[in-house]
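Input: a single structure, listed below in structure tokens.
The structure presented is a predicted model; accordingly, all values stated were derived computationally and were not measured. Scope of the values below: all heavy atoms of this structure, side chains included, with no hydrogens, waters or symmetry mates.
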There are 2 protein chains.
Amino acid sequence: MINKEELIKKLKLKNFKLTRQRLEIIDEILNFNGHFEIEDLVFKSREKNLKASRSTIYRTLAILKDLGYIEEVIKLNNKTFYEVANKEHHDHLICLSCGKIIEFHDEKIESIQNEVCKKYNFKPVYHRLEIFGICKDCQKKEKV
Amino acid sequence: MINKEELIKKLKLKNFKLTRQRLEIIDEILNFNGHFEIEDLVFKSREKNLKASRSTIYRTLAILKDLGYIEEVIKLNNKTFYEVANKEHHDHLICLSCGKIIEFHDEKIESIQNEVCKKYNFKPVYHRLEIFGICKDCQKKEKV
DNA sequence: CTGGCTGCAAAAACTTTGCACCTCA
DNA sequence: TGAGGTGCAAAGTTTTTGCAGCCAG
């Protein structure tokens with residue numbers, strides 16, 4: 001579990017400045033406690049008068065992504081959904097009808113992936129498994 | 001294995017017109033025999049004087065995607081890589097250094113995914129598993 | 001003939017960048 | 001103080017769309 005202090009320490013170590021904007025963005029994404037998009041942050045920023053510009057949000061997310069603190073977990077309709085990498089790794093079921101996102105983790109899938117990589121002498125850095133489909137609730141609605 | 005005739009029959013059935021542009025785009029993507037991007041098609045179109053505009057390419061790919069004949073298999077750097085869905089389903093290893101794409105198929109991963117979906121009463125439509133990392137050759141180069 | 005399709009250009013949506021000014025350390 | 005960060009506006013990318021004219025069926 002990544003906490004704010006740990007993250008701040010790492011940023012200092014890498015000679016990143018701890019500006020007001022960066023700290024505010026970090027607070028926000030830790031608060032999300034789930035998936036978020038760039039525009040969610042822009043909205044929060046405005047709502048709370050945080051005043052971090054869209055450019056700064058993009059730039060900060062790029063840094064956090066490079067450092068491995070956030071991941072691009074879902075790509076849908078040319079939008080990117082991020083997630084703080086502070087839990088056990090997991091993958092996603094995404095409902096094409098209502099947009100609901102369900103997280104799941106399966107150790108077997110992870111280990112098979114590692115086997116596959118070994119077979120090809122491929123050094124994995126990160127992966128993304130997205131299963132798109134129709135969730136339980138939307139299946140019910142379709143039948144009506 | 002999807003062939004052109006089958007695809008054309010299906011398009012007729014769905015009341016899509018078989019325009020010169022559509023037939024040419026279909027020819028091209030069947031020729032690719034692998035992954036391709038929109039811009040690859042635009043380029044081929046110009047090179048061969050096929051004269052299908054970028055708009056038409058986008059619109060045709062959307063139709064083929066809806067019909068399940070092509071899939072968006074890789075999302076990298078805000079680009080979409082497509083693939084004709086005419087082989088056994090497979091997933092991809094993508095080298096972050098040289099861009100090489102390696103296909104793999106693992107039946108175990110597929111069946112575990114189905115189990116996961118059942119568990120959540122989720123009706124899968126399609127999925128995408130991308131493993132990003134460093135390929136064999138690029139690992140060697142890095143060591144130098 | 002006519003509804004669907006195309007090309008064009010314009011716009012929309014998302015992301016990056018140049019630059020002057022600002023601020024953390 | 002100064003290197004790095006920020007905001008703004010502008011530009012770059014990728015994708016969608018409105019519309020007039022075209023063409024497959």
Side-chain angles (χ1 to χ4, degrees), chain A residues 4 7-29 35-46 48-67 70-82 99, chain B residues 4 7-29 35-46 48-67 70-82 99:
Chain A
K4 201 178 157 185
L7 176 44
I8 288 176
K9 211 178 288 177
K10 182 95 163 231
L11 286 173
K12 272 185 188 161
L13 214 72
K14 298 258 178 182
N15 285 320
F16 286 109
K17 288 189 177 168
L18 298 174
T19 60
R20 178 176 56 76
Q21 290 89 333
R22 282 184 183 159
L23 293 172
E24 286 168 345
I25 291 169
I26 290 169
D27 275 344
E28 277 312 319
I29 67 177
H35 316 91
F36 61 90
E37 295 175 62
I38 298 273
E39 291 311 308
D40 292 334
L41 279 177
V42 174
F43 182 78
K44 283 274 180 192
S45 178
R46 287 198 183 135
K48 298 201 170 179
N49 266 319
L50 302 187
K51 287 181 262 160
S53 70
R54 185 177 270 102
S55 304
T56 296
I57 291 173
Y58 270 100
R59 288 189 271 230
T60 301
L61 290 191
I63 291 169
L64 297 178
K65 187 186 152 203
D66 283 350
L67 294 180
I70 58 174
E71 293 173 359
E72 297 181 345
V73 290
I74 296 171
K75 291 279 191 174
L76 181 61
N77 297 333
N78 303 313
K79 281 185 186 169
T80 301
F81 291 76
Y82 291 87
Chain B
K4 201 178 157 186
L7 177 43
I8 288 176
K9 212 179 286 176
K10 182 95 163 232
L11 286 171
K12 271 186 189 163
L13 214 74
K14 298 257 179 182
N15 285 320
F16 286 110
K17 288 190 176 166
L18 297 174
T19 61
R20 179 177 54 75
Q21 290 87 337
R22 281 184 184 159
L23 292 172
E24 286 168 346
I25 291 169
I26 289 169
D27 274 344
E28 276 314 318
I29 67 177
H35 317 90
F36 62 90
E37 295 176 63
I38 297 275
E39 291 310 310
D40 292 334
L41 279 178
V42 174
F43 182 78
K44 284 273 181 194
S45 178
R46 286 196 185 138
K48 298 199 172 181
N49 265 318
L50 303 188
K51 287 181 261 158
S53 71
R54 186 177 269 104
S55 305
T56 296
I57 292 172
Y58 271 100
R59 289 189 269 229
T60 301
L61 289 191
I63 292 170
L64 296 178
K65 187 186 151 200
D66 284 349
L67 294 180
I70 59 172
E71 294 173 357
E72 296 181 344
V73 291
I74 296 170
K75 292 279 191 174
L76 181 61
N77 297 331
N78 302 313
K79 280 186 187 171
T80 302
F81 292 76
Y82 292 88

* Structure fact -> Protein-proximity profile, nucleotides 2-12 of chain C, B/S/- by nucleotide at the 4.0 Å heavy-atom cutoff, equals -BSSBBBB---
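For the helix from C/dC1-D/dG25 to C/dA25-D/dT1, the axis fitted to the five pairs at one end and the axis fitted to the five pairs at the other end meet at an angle of 40° (nearest 10 degrees).
Shown here are the side chain to side chain donor-acceptor pair (under 3.5 Å) partners of B/Glu28, two or more places apart in sequence or in another chain: B/Lys48. For A/Thr56, the side chain to side chain donor-acceptor pair (under 3.5 Å) partners are A/Ser53, not counting sequence neighbours. In terms of the side chain to side chain donor-acceptor pair (under 3.5 Å) criterion, A/Thr60 has no residue partners (sequence neighbours excluded). Remark: A/Ser55 pairs with no residue by the side chain to side chain donor-acceptor pair (under 3.5 Å) rule, at least two apart or across chains. Checked against side chain to side chain contact (heavy atoms under 4.5 Å, CB included), B/Leu11 has the following partners two or more places apart in sequence or in another chain: B/Leu7, B/Phe16, B/Leu18, B/Ile26, B/Ile63, B/Leu67.
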Throw together a table of side-chain donor-acceptor distances under 3.5 angstrom for residues 36-44 of chain A, partners on residues two or more places apart or in other chains.
{"residue": "A/Glu39", "atom": "OE1", "partner": "A/Arg54", "partner atom": "NH2", "Å": "2.7"}
{"residue": "A/Glu39", "atom": "OE2", "partner": "A/Arg54", "partner atom": "NE", "Å": "3.2"}
{"residue": "A/Glu39", "atom": "OE2", "partner": "A/Arg54", "partner atom": "NH2", "Å": "3.4"}
{"residue": "A/Asp40", "atom": "OD2", "partner": "A/Glu37", "partner atom": "N", "Å": "2.9"}

Which side-chain N or O atoms in residues 71-80 of chain A pair as donor and acceptor under 3.5 Å with protein atoms at least two apart or in another chain?
{"residue": "A/Glu72", "atom": "OE2", "partner": "A/Lys65", "partner atom": "NZ", "Å": "3.4"}
{"residue": "A/Lys75", "atom": "NZ", "partner": "A/Thr80", "partner atom": "OG1", "Å": "2.9"}

* To do: Tell me, with the steps shown, if A/Tyr82 and A/Ile29 meet side chain to side chain contact (heavy atoms under 4.5 Å, CB included).
  => CA-CA 9 Å; A/Tyr82 291 87; A/Ile29 67 177; over 6 Å; no
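Atoms CD1 (A/Ile38) and C1' (C/dA13) sit 13 Å apart, rounded to a whole Å. Between the CG atom of B/Leu76 and the C1' atom of C/dT15 there is a distance of 15 Å, rounded to whole Å. A/Leu23 has its CG atom 10 Å from the P atom of C/dC24, to the nearest Å. Between the CG atom of A/Leu11 and the C1' atom of C/dA25 there is a distance of 15 Å, given to the nearest Å.
Within the structure, salt bridge (charged side-chain N to carboxylate O under 4.0 Å, His left out) contacts touching residues 7-21 of chain B (residues at least two apart or in different chains) are B/Arg20-B/Glu24.
Taking 4.0 angstrom as the limit, A/Tyr58 places none of its side-chain polar atoms (N or O) nearer than this to OP1 or OP2 of C/dT16.
Once you apply a 4.0 Å limit to the heavy atoms of chain A, the touched nucleotides of DNA chain D run 5' to 3' over D/dG2 to D/dT15.
The two residues B/Lys51 and B/Ser45 come nearest to each other via the heavy atoms N-OG, 3.5 Å. The two residues B/Ala52 and B/Ile57 make their nearest non-hydrogen contact at O-CD1, 3.9 Å.
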